[in-house]
2 protein chains.
Amino acid sequence: MAREFEPDIPDIVIRRLPLYVRTLRALADSDVANVSSDDLADEIGVTAAQIRRDLSYFGKFGKQGKGYDTRSLEQAITQILQLDREWPVALAGFGSLGHAIAHYRGFGPSSFRIAAIFDRNPDKVGEPLGEIAILSDQCMTSEIRRLGIEIGIIAVPAAEAQEVANAMIDGGVQSILNYAPIVLKTPPNVRVREIDPIWALQTMTYYLGVGS
Amino acid sequence: MAREFEPDIPDIVIRRLPLYVRTLRALADSDVANVSSDDLADEIGVTAAQIRRDLSYFGKFGKQGKGYDTRSLEQAITQILQLDREWPVALAGFGSLGHAIAHYRGFGPSSFRIAAIFDRNPDKVGEPLGEIAILSDQCMTSEIRRLGIEIGIIAVPAAEAQEVANAMIDGGVQSILNYAPIVLKTPPNVRVREIDPIWALQTMTYYLGVGS
DNA sequence: GTCCGTTCGTGCACAAGTTCACAAGCGAGT
DNA sequence: ACTCGCTTGTGAACTTGTGCACGAACGGAC
Ligand SMILES: NC(=O)c1ccc[n+]([C@@H]2O[C@H](COP(=O)([O-])OP(=O)(O)OC[C@H]3O[C@@H](n4cnc5c(N)ncnc54)[C@H](O)[C@@H]3O)[C@@H](O)[C@H]2O)c1
Ligand SMILES: NC(=O)c1ccc[n+]([C@@H]2O[C@H](COP(=O)([O-])OP(=O)(O)OC[C@H]3O[C@@H](n4cnc5c(N)ncnc54)[C@H](O)[C@@H]3O)[C@@H](O)[C@H]2O)c1
């Protein structure tokens, strides 16, 4: 795979790529066949130079005087991000948040499928949901390993989150989406992204109330 | 207010502060009275130098040889971030996500209170929820202005999000927490933070599947 | 009172990330 | 075939952010 020969790509670039994919997809769906870095930059809210620099880490995708072919650039980035396949995901915690995640229909159209759900509460274990059933957290490591799952979502209380993360990592998980408001301690090969609305709000109050 | 004399603080520093507050609060609750930048750094997963540098933007909070007083540092940062008060928040969209947000009990203990909820669907308008009722999106701008709300949460479909953001901003909102998968166009004095689990997952697949 | 281990706050050097600016390439029009 | 307007890809300059390393300060031990 080509990716192995491009080892030094900054993480911050990788984080922007999904935004490019999303925007290009929207443009392509609106029958916009070509787009310049300038137009794309306007749409996304970054500079044109940044888009060109980001893409240059992976190759040459544009044509001078013309811009980029919307659909083929979208597909190129999709491939770079390995979004051209479906990833099975393990969900830990089937409380109110876990419930919402399991029913969220945004995963379907994207490249992710909830393939296993775990909860510690015996009342919830066994409950069927679509094609799968809720399993005991006891099985987490072995079931994740059996299914070859590499992505985990943590939706348990903060006090349990580290323990759950450890079990997932033991099973082979390398990417964790963490909804619990706690910093997980993980080995360097495991990547964690936080989803924390309170944190997000707390980063904005600083700026409030000064100007009118 | 002292803040007006510290104009050049990088946003990335502000984004870390809530993490410090959260961690200091947990330590104080465990009756840890003092903490060094080294210990705190371990807990949070950043370097000690970074913590000291971040804090130095705002003043001197530590004692040499001793470290920081856990509780008073927590309170100092809480004050810097203006989290020592309660902020009323407007929620737009009372679908499945909006429902989950409105019932999420994490806002209570923090500095935020859902003070108004808006939905376009006439069936939902009027429905009572705790102390408040769902209002029509027609009233959004005026009601937000009337209540002096400066923070908005967007939980409507992507196609409606920009329009809703505009209405909020017209009412005086300066901070938006956006759950819709779209880049909002806002004036420079308005700050937006994205909550998008799919995006977060898409930034991690790049790294998967190479090493075992 | 002095010593000594600890830890802060910060000047400075380095690293990372962004933007500028321009040569080169493309294609449409004549 | 040539010109011309447009846009890419990228070296180089610049900006921003991080980490090191050390003087200064604190407090406990003796
Ligand atoms: N509800 C929200 O909108 C929201 C938003 C952001 C973050 N969060 C965070 O997400 C977490 C969960 O929130 P919630 O509202 O769903 O709580 P909840 O109490 O409704 O659900 C937690 C679930 O996790 C299960 N659980 C506990 N320990 C477990 C373990 N070791 N293994 C497997 N399952 C286990 C429990 O049985 C329960 O079903 C919390 O940390 C919360 O702060 C929630
Ligand atoms: N459900 C999730 O877990 C989740 C997670 C992340 C992001 N999102 C995103 O959040 C958004 C909402 O998701 P959902 O599942 O709640 O959808 P939903 O269809 O259940 O709810 C949308 C609600 O918004 C209301 N609405 C529509 N236009 C409006 C307007 N102009 N003003 C006020 N209200 C309006 C609708 O009446 C409806 O009640 C979507 O953009 C989705 O992609 C959802």
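Note that the coordinates shown come from a computational prediction; the quantities given were computed from them, not determined experimentally. Chain naming here is simple, since letters A, B, ... match the order of the sequence lines and numbering starts at 1 in each.
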Distance check needed: [N] [atom2] versus [X] [atom1], whole Å only.
X     : N      : atom1 : atom2 : value
B:N34 : C:dT6  : CG    : P     : 16 Å
A:D38 : D:dG5  : CG    : P     : 18 Å
B:R15 : D:dT18 : CZ    : C1'   : 17 Å
B:F61 : C:dC8  : CZ    : C1'   : 13 Å
A:F58 : D:dT8  : CZ    : P     : 18 Å
A:Y68 : D:dC6  : OH    : C1'   : 13 Å
B:D8  : D:dT15 : CG    : C1'   : 13 Å

For [X] against [Y], the heavy-atom pair lying closest together:
X      : Y      : result
A:F61  : A:L55  : CE1-O, 3.5 Å
A:F107 : A:I101 : CE1-O, 3.6 Å
B:Y206 : A:Q82  : O-NE2, 3.5 Å
A:R22  : B:W199 : NH2-CE3, 3.9 Å

**Study point:** CZ (B:R85) with more than 12 external heavy atoms under 6.0 Å
**Key:** yes

Point to revise | Under 3.5 Å donor-acceptor, A:N34 side chain and A:G67 backbone | key: no

**Study point:** Distance-only polar pair, side chains of A:D54 and A:Q50, donor-acceptor under 3.5 Å
**Key:** no

Exercise for review: State plainly whether the residues A:R16 and A:D11 are in salt-bridge range, i.e. N to O under 4.0 Å.
Suggested key: no

Review point. Which letter, B, S or -, goes with each nucleotide of nucleotides 25-30 of chain C from 5' to 3', with contact meaning a protein heavy atom under 4.0 Å?
Key: BBS---

Review point. Which nucleotides of nucleotides 10-18 of chain C have their base under 4.0 Å from a protein heavy atom (B), which only their sugar-phosphate (S), and which neither (-), written as one string 5' to 3'?
Key: BBB----SS

